[in-house]
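Written below as structure tokens is the structure these notes are about.
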Amino acid sequence: QVQLVESGGGSAQAGGSLRLSCAASGGTFSVLRMGWFRQGPGKERQFVAAISRNNGNTYYADSVKGRFTISRDNAKNTVSLQMDSLKSEDTAVYYCAADRRWVAVTRVAVTTEYEYWGQGTQVTVSS
């Protein structure tokens, strides 16, 4: 059973930066496809970014492309999300997600393609 714990959430001004981290335990981290999702008030959970298990290919939602960067450290069993040029619309609870299965590129943004989820960390951006 894989367990995920997020950290690094908090408050920032618009235009500022935050860095989220997710620590994984209970499994072989290098075989996990990792993703970040977010859920704003009154909204459905939506895809933010993902990184593949093998070659480190990265995928981003259009809304964060060029501003957010996902990375992984297989030696430390962690995945991070560097968030720059923050906007008020980035305010949400951010969730780390993981799965062992290979999926087509068209499926990496789908919540049901992730078996394991963290508890979430709040990010609040004020304008």
Heavy-atom check, side chain of [X] versus side chain of [Y], under 4.5 Å:
{"X": "M83", "Y": "V64", "value": "no"}
{"X": "S21", "Y": "K76", "value": "no"}
{"X": "R107", "Y": "T112", "value": "yes"}

Rounded distance [0.5 Å steps], [atom1] in [X] versus [atom2] in [Y]:
{"X": "D90", "Y": "R67", "atom1": "CG", "atom2": "CZ", "value": "4.0 Å"}
{"X": "Q3", "Y": "Q1", "atom1": "CD", "atom2": "CD", "value": "7.0 Å"}
{"X": "L4", "Y": "T78", "atom1": "CG", "atom2": "OG1", "value": "11.5 Å"}
{"X": "R19", "Y": "Q82", "atom1": "CZ", "atom2": "CD", "value": "5.0 Å"}
{"X": "L32", "Y": "I51", "atom1": "CG", "atom2": "CD1", "value": "12.0 Å"}
{"X": "E6", "Y": "Q119", "atom1": "CD", "atom2": "CD", "value": "7.5 Å"}

State, to 0.1 Å, how close [X] and [Y] come at their nearest heavy-atom pair, and which atoms those are.
{"X": "A14", "Y": "S127", "value": "CB-CA, 4.0 Å"}
{"X": "Q13", "Y": "L86", "value": "O-CB, 4.4 Å"}
{"X": "V79", "Y": "S71", "value": "CG2-O, 3.1 Å"}
{"X": "N74", "Y": "S30", "value": "ND2-CB, 3.9 Å"}
{"X": "M34", "Y": "C22", "value": "CE-SG, 4.4 Å"}
{"X": "S11", "Y": "L18", "value": "O-CD2, 4.2 Å"}

*Taking only Lys NZ, Arg NE, NH1 and NH2, and the carboxylate oxygens of Asp or Glu, determine whether D62 and K65 approach each other closer than 4.0 Å.*
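Salt bridge: yes.
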
Cluster overlap [X] with [Y], hydrophobic side-chain contacts below 4.5 Å:
{"X": "V108", "Y": "W36", "result": "no"}
{"X": "Y59", "Y": "V103", "result": "yes"}
{"X": "V48", "Y": "Y116", "result": "yes"}
{"X": "V125", "Y": "V93", "result": "no"}

_Could you check whether any side-chain N or O of D99 sits under 3.5 Å from a backbone N or O of E115, counting only pairs where one atom can act as donor and the other as acceptor?_
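Indeed, once roles are kept as given, a pair shorter than 3.5 Å links the two residues.
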
*asked:* Donor-acceptor check, side chain of R72 to backbone of R33, threshold 3.5 angstrom: yes or no?
replied: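 No: the side chain of R72 does not pair with the backbone of R33.
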
*asked:* Which residues end up grouped with W102 if you chain together Ile, Leu, Val, Met, Phe, Trp and Tyr wherever their side-chain heavy atoms are less than 4.5 Å apart?
replied: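 Taking Ile, Leu, Val, Met, Phe, Trp and Tyr as members, W102 stands alone, with no cluster partners.
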
*Using the side chain to side chain contact (heavy atoms under 4.5 Å, CB included) rule, take V2 and R100 through it: C-alpha gap first, then chi angles, then the decisive distance, then the call.*
CA-CA 10 Å; V2 175; R100 292 188 177 94; 3.6 Å; yes

*Tell me, please, which residues at least two apart from F37 pass ring pair (Phe, Tyr, Trp, His ring centres under 6.0 Å).*
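Ring pair (Phe, Tyr, Trp, His ring centres under 6.0 Å) check on F37 returns F47, Y114, W117.
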
